[in-house]
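What's counted below: heavy atoms across the whole structure, side chains too, no hydrogens, waters or symmetry copies. In the text below, chain A, chain B and the rest are named by the order of the sequence lines, each starting its count at 1.
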Protein chains: 2
Amino acid sequence: MKDSNDLKKAGLKATLPRLKILGILENAKTRHMTAEDVYKSMLASGEEAGLATVYRVLTQFEAAGLVIRHNFEGGRAVFEMNQGHHHDHMVCVECNKVFEFNDPAIEDRQRRVAEKAGFVMEEHSLHIYGMCDGMKKHGKCSKK
Amino acid sequence: MKDSNDLKKAGLKATLPRLKILGILENAKTRHMTAEDVYKSMLASGEEAGLATVYRVLTQFEAAGLVIRHNFEGGRAVFEMNQGHHHDHMVCVECNKVFEFNDPAIEDRQRRVAEKAGFVMEEHSLHIYGMCDGMKKHGKCSKK
DNA sequence: ATGTATGCAAAACATTTGCACCTGG
DNA sequence: CCAGGTGCAAATGTTTTGCATACAT
């Protein structure tokens with residue numbers, strides 16, 4: 001659970017908007033939110049806020065390693081708290097729900113592939129798009 | 001090697017801009033091009049062309065399965081001819097060069113992961129970002 | 001002919017930036 | 001107090017769309 005100390009460690013003043021955004025990302029039911037999602041959540045909780053600030057703060061948090069930005073298909077970026085352990089994502093094309101997973105075998109093979117190509121891997125992302133379980137079973141997902 | 005027949009099969013008239021774009025994508029030295037790349041290439045070969053048309057045609061080609069669109073990091077989409085066989089990508093963050101690879105073990109694990117989660121996979125993308133061999137060896141890549 | 005495509009300009013988005021005002025330490 | 005942060009509005013960059021004209025069949 002991050003707090004104002006983590007912000008200071010990152011060289012960022014513990015301002016109200018930043019603390020608020022941190023809280024939203026930590027307590028969100030959906031761990032993966034767009035900048036707009038965060039912005040709306042701030043407004044909803046009666047907070048003065050500008051969308052530009054949300055973007056600025058999220059970008060700073062990303063640089064500080066506090067959050068991770070993902071570019072899934074569909075144009076808008078989504079952000080999630082960085083929990084320290086790498087994982088990949090499955091995204092439901094029906095309800096947009098995001099599922100996390102980690103497969104050591106895949107991670108290992110990726111390392112090998114990069115190495116064999118003389119490639120210095122900095123980061124990697126694996127996205128699986130499809131239809132989630134809820135959609136299959138009930139004809140629709142939570143969101144749709 | 002696709003031609004006007006493939007366009008007709010896709011329900012698209014064999015117009016000059018479409019044939020030209022098809023040719024550019026097939027013969028490009030760099031298999032992965034942005035819409036702007038294609039547009040500039042058309043102008044360079046003395047073709048009347050609008051960027052909007054390039055986007056429209058590429059989108060139609062994608063829908064027809066003729067080309068594949070990728071959303072790498074960095075905002076702009078890149079397109080490549082669909083050669084029929086799925087592959088993943090390594091992108092050099094220095095020179096933007098794109099390398100293709102295919103690892104059966106990874107493909108297999110992905111299928112398993114999705115299956116175990118009750119997920120009906122429609123597509124998947126694996127992107128490795130890092131520094132390519134040329135960059136490591138010569139201090140710079142072709143493009144930079 | 002005639003339904004489609006095209007080019008241009010304007011619109012639509014997501015995201016970033018300039019700037020005057022505000023605020024945390 | 002004062003550097004850094006914020007909100008707002010305007011700018012940016014990419015992709016999409018409306019519309020009158022041009023083209024393939």
Among side-chain atoms of B/Glu123 and B/His86, is any donor-acceptor pair under 3.5 angstrom?
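No - no donor-acceptor pair under 3.5 Å links their side chains.
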Are a donor atom and an acceptor atom from the side chains of B/Arg18 and B/Thr53 found within less than 3.5 Å of each other?
no
Base, sugar-phosphate or nothing for A/Ala77? Non-hydrogen atoms, less than 4.0 Å.
sugar-phosphate
Under 4.0 Å, counting only non-hydrogen atoms across every strand here, what does A/Glu48 touch: a base, just sugar-phosphate, or nothing?
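Sugar-phosphate contact only.
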Helix axis bend for the helix from C/dA1-D/dT25 to C/dG25-D/dC1 - C1'-based end axes, five pairs, 10° rounding
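Answer for the end axes of this duplex: 30°.
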Can you tell whether the side chains of A/Glu100 and A/Arg31 come within less than 4.0 Å, N to carboxylate O?
yes
Treating primed atoms plus P, OP1 and OP2 as sugar-phosphate and everything else as base, which nucleotides of nucleotides 18-25 of chain D get B, S or - for protein heavy atoms under 4.0 Å?
B-----BS
Distance in angstrom units between [X] [atom1] and [N] [atom2], rounded:
X	N	atom1	atom2	result
A/Gln60	D/dG4	CD	C1'	10 Å
A/Phe79	C/dT15	CZ	C1'	9 Å
A/Leu12	D/dG5	CG	C1'	10 Å

Report whether A/Val38 and A/Val98 are members of the same hydrophobic cluster (ILVMFWY, side-chain heavy atoms less than 4.5 Å apart, transitive linking).
no
Does a sphere of radius 6.0 Å around CZ in A/Arg112 hold more than 12 heavy atoms from other residues, nucleotides or ligands, not counting ones at 6.0 Å or beyond?
no
Is any side-chain N or O of A/Arg18 closer than 4.0 Å to OP1 or OP2 of D/dT6?
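Yes.
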Has A/Tyr55 got a side-chain N or O lying under 4.0 Å from the OP1 or OP2 atom of C/dT16?
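No, no such contact exists.
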Scan residues 64-74 of chain B against DNA chain C and write down, sorted by residue number, each residue with any heavy atom closer than 4.0 Å; if none is found, say none.
none
Ring centre gap for B/His89 and B/His70 strictly below 6.0 Å:
yes
